[in-house]
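The structure under discussion appears below in the form of structure tokens.
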Protein chains: 2
Amino acid sequence: MKKSGRPVIPRKTIYRLSIYLRCLARLRENSIGTVSSEALAKAAGVKPTQLRKDLAYFGTFGTRGLGYDVNELSLKISDELGTSSLQPVILVGVGNLGLALLSYRGFEKEGFEIIAAFDAEPRRKRDKEIKQPILGMDEMTSFIREHGVKMAILSVPAAAAQVVANRLIESGVMGILNFSPIVLAVPEDVMVNNVNLAIELENLSYFIQS
Amino acid sequence: MKKSGRPVIPRKTIYRLSIYLRCLARLRENSIGTVSSEALAKAAGVKPTQLRKDLAYFGTFGTRGLGYDVNELSLKISDELGTSSLQPVILVGVGNLGLALLSYRGFEKEGFEIIAAFDAEPRRKRDKEIKQPILGMDEMTSFIREHGVKMAILSVPAAAAQVVANRLIESGVMGILNFSPIVLAVPEDVMVNNVNLAIELENLSYFIQS
DNA sequence: AAGCGTTTGTGAAAAACTTCACATGAAGGC
DNA sequence: GCCTTCATGTGAAGTTTTTCACAAACGCTT
């Protein structure tokens, strides 16, 4: 049975919807009420037709001859992305990077909250004051189940990544933002997004040489 | 006129080459001398045919019936990516995230070195000891020129990102790894890779809901 | 030295994604 | 109320990327 009449929205489109949403937020801050696909596309770094195609996947919101209502479009994209409700996230691996992510005040504004962190040495001295509790790995599974956590940020060393990922998935986590420099093996229904800084740099360096 | 006989290698392929390189490194650590496209592809999370197509863009290195020599293939990919030589990188914006990146001991191993950081308040008290100098923004341009810096990591607040990017580009930077949550407007010959954590999370959350 | 099993390399097909071209609809002036 | 102007929405065309299918080539065994 097909799940209602909705078309499958391509992964790349979803990615761009997030970008549009941020551009729209800036327009709102500047009290701009209406925007054309041309202007919004420029702000997002894409072509106008692409923006319109992206939106067409889940509705038609524009007014011909005029453009899009900034507030309305924000709402519709937010709705589509399911960003309307605050999602609880946990972080595993409180090293340098993990600690920085914990202190990063940019998530809440965007609809996410890191509600707890886990580390093999939870009581290790850390330079920085943070508000989230740092718990031991043995408490992880029960915490995930109790709080219905569905997403995790993984910033443990490479050697531990797969083991920890397995435990996360067993406990009910469905999405992992992976900062470890290895490719995780996961079941099909689990989603992994990789952020690998060395690869990004390597990538840059290749293209600026040519 | 076509620029020598070399085909243009797609961006995505370059990205995957970096991944293959890391998988090969792990095989080497385990003293594995030969690997089939099937095994390597599995480790990298891609299909075997894709791996072979990717390699075919710049040569043929395998032995039919046997597979690839791990050392040789590592070398060839490294060569292609131009990762053989250490690249100097600067970081701009020493906030939470910037500081974490400075402390991150994963770049050198991969052929990059953050040789200096810049901040509007270079003398601000920071909790952590780091080895790189933190300089003022007024010293940035001369530093870039003197050291022939071609790549920069941008981790300043959104409001400052475009202005700083402009200055980086004027000074000679050709590649920017952008952590600010805005889309930078840059000339065609300048390459920007965006890393936006909120978008990655949003992306995850969308796909685990369906 | 020939045959067998295995794995690469690659043209061709398929799928995914982007861009084009233009008809359609809405707002505002005359 | 009609006409002009503007910008959306969308089928079709184009491009890029992935996957398929299979011939060619190598090592190993006999």
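Letters go in sequence order (proteins before strands), and every chain restarts at 1. Just so it is clear, the values below take in all heavy atoms, side chains as well, and ignore hydrogens, waters and symmetry mates.
Partner L177(B) forms a side-chain contact (heavy atoms from CB on, under 4.5 Å) with one of I153(B), L154(B), N194(B), L101(B) and no other, that one being I153(B).
Residue contacts shown for F61(A) are limited to sugar-phosphate atoms, with no base heavy atom under 4.0 Å away.
Going from atom CG of L55(A) over to atom P of dC17(C) covers 17 Å, rounded to whole Å. Rounded to an integer number of Å, the gap from K47(B) NZ to dC20(D) C1' is 11 Å. Atom CG of L66(B) and atom C1' of dG5(C) are 13 Å apart (whole Å). In this structure, I14(B) places its CD1 atom 11 Å from P of dT17(D), rounding to the nearest Å. Nucleotide dT18(D) holds its P atom 7 Å from the CG atom of D54(B), rounded to whole Å. Whole-Å rounding puts the R11(B) CZ to dA16(C) P distance at 22 Å. Rounded to whole angstrom, the span from the CD1 atom of I9(B) across to the P atom of dT18(D) amounts to 14 Å. Spacing between atom CG of L51(A) and atom P of dA7(D) amounts to 14 Å, rounded to whole angstrom units.
Minimum atom distance to the side chain of S36(A) is reached by dT8(D), of the listed dT17(D), dC17(C), dT8(D). With dC20(C), dT7(C), dT18(D) as the choices, the nucleotide that has an atom nearest any side-chain atom of Q50(B) turns out to be dT18(D). Comparing dC20(C), dT7(C), dC26(D) against the side chain of T49(A) picks out dC20(C) as the nearest.
Residue side chain R52(A) does not reach the base of dT8(D) through any donor-acceptor N/O pair under 3.5 Å, judged by distance alone. In terms of polar N and O atoms assigned as donor or acceptor, the side chain of K53(A) comes within less than 3.5 Å of the base of dT19(C) in a complementary pairing. The base of dT8(D) sits within donor-acceptor range of the side chain of R64(A), with an N or O pair under 3.5 Å.
Between R16(A) and G65(B), it is G65(B) whose nearest contact on DNA chain C lies nearer the 5' terminus.
Between atom CG of residue L73(A) and atom CZ of residue R28(A) there is a gap of 10.0 Å, rounded to the nearest 0.5 Å. In this structure, the separation between CE on M191(B) and CG on N178(B) is 12.5 Å, given to the nearest 0.5 Å.
Between Y68(A) and dG9(D) there is a side-chain polar atom (N or O) within less than 4.0 angstrom of OP1 or OP2. At the phosphate of dT8(C), OP1 or OP2 sits under 4.0 Å from a side-chain N or O atom of S37(B).
In summary, R52(A) and E38(A) do not engage in a salt bridge, as defined by a charged side-chain N under 4.0 Å from a carboxylate O.
Between F58(B) and F61(B), the angle of the ring planes lies from 30° to 60°, which puts this pair in the tilted group.
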